[in-house]
Amino acid sequence: MNIILMGCPGAGKGTQSAKLLKAFPLRHISTGDVLRAEMASGSQLGKQLGEIINQGNLVPDELMVEMLEKIVKATDKGIIFDGFPRTVTQAEALDAMMKRLQRAISHVIMIDLPAEEVVKRICSRKQCKKCGAILGVDLNNPPAVCPSCGGELYTRPDDTPERATHRLEVYRQSTLPVKNYYQNGGKYVEVNGNQKPEQVFEDIKKILEK
Ligand code: AMP
């Protein structure tokens, strides 16, 4: 099973990936996490990436494809692709890469969320530094620490209203065409992302167990 988890920023790709990992023997590749790890390393490349990412823009395709191929080659488990492909060029490169590596995408799952929910959700989310949990919080009364593990909570620098709005626009322009790319290939399915995470997961599980 090699799954592409698609959806706009804030659709719940990270949350659903965490649930999938508990239920299936898969490797999760979040290109956003890979990029944030490079930024945290303090490398020159990380600094350049930080400027792009914190503005809510996309990292150039060639660099993304190169980074991704190294990780895909190093895993023989089924993969959840989270946040990749984000452009049609990346989708074409992924097809070519999978063919070269004699693997195939089995499911393309789009978590669908109405635009009006997106910015609201992004601006009220916090992530745990320790366990990585993504939480939707009441901003007037946010939890002091992660309810699951007690870890420190933080807000991503690209989760401000302005940057979230910009990321949504980038999504509309660059990533929505990826939906058309996959839509007629027989592997594309949509799930309603405007439900409780547990229900979204049930819907995804049904698709994978078919
Ligand atoms: P995410 O954690 O998936 O929301 O990604 C955070 C940011 O990382 C995005 O807003 C982009 O700046 C960058 N990014 C993540 N994945 C990609 C990708 N496949 N192509 C280009 N930029 C990406």
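Just so we're clear, the structure is a prediction, and the values are computed from it rather than from any experiment. Atoms within each ligand, like the ligands themselves, are counted from 1 in listed order.
R86 places a side-chain N or O within donor-acceptor distance of the main-chain N or O of G83, the cut-off being under 3.5 Å.
Here the heavy atom of the protein found nearest to atom 12 (O) of ligand 1 is N57 O, 2.5 Å. For atom 20 (N) of ligand 1, the closest heavy atom belonging to the protein is Q90 NE2, 2.9 Å. Annotation: atom 10 (O) of ligand 1 to nearest protein heavy atom, R167 NE, 3.9 Å.
Donor-acceptor pairing under 3.5 Å is lacking for the side chains of N180 and Y188. No side-chain donor from either of S106 and N2 sits under 3.5 Å from a side-chain acceptor of the other.
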M1 vs L208, test: side chain to side chain contact (heavy atoms under 4.5 Å, CB included). Steps then yes/no. CA-CA 9 Å; M1 216 158 36; L208 297 179; 4.0 Å; yes
When you look at S148 and C128, which way does the side chain to side chain contact (heavy atoms under 4.5 Å, CB included) test go after all the steps? CA-CA 9 Å; S148 311; C128 174; over 6 Å; no
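When only interatomic distances are considered, the shortest N/O to N/O separation between K13 and ligand 1 does not fall below 3.5 Å. Considering backbone and side-chain N/O atoms, D82 never comes within less than 3.5 Å of an N/O atom of ligand 1. For the pair R156 and ligand 1, the shortest N or O to N or O distance falls below 3.5 Å. For D158, no nitrogen or oxygen atom sits less than 3.5 Å from a nitrogen or oxygen atom of ligand 1, counting backbone and side chain alike. Residue-to-ligand polar distances keep I53 apart from ligand 1: every N/O pair is separated by 3.5 Å or more. Close N/O approach between V59 and ligand 1 is found [any backbone or side-chain N/O within under 3.5 Å].
If you take NZ on K120 and CG on L139, they are separated by 12.0 Å, rounding to the nearest 0.5 Å.
Between the choices R163, Q55, R86, the shortest heavy-atom distance to atom 5 (O) of ligand 1 belongs to R86.
Which parts of ligand 1 touch T31 is read off a 4.0 Å heavy-atom cut-off, strictly below it: atoms 15 (C), 16 (N), 17 (C), 19 (N).
Heavy atoms of L35 come nearer than 4.0 angstrom to ligand 1 in at least one pair.
In this structure, D159 pairs ionically with R167, as a charged nitrogen and a carboxylate oxygen lie closer than 4.0 Å. Between K73 and E69 there is a salt bridge, with a side-chain nitrogen of the basic residue lying less than 4.0 Å from a carboxylate oxygen of the acidic one.
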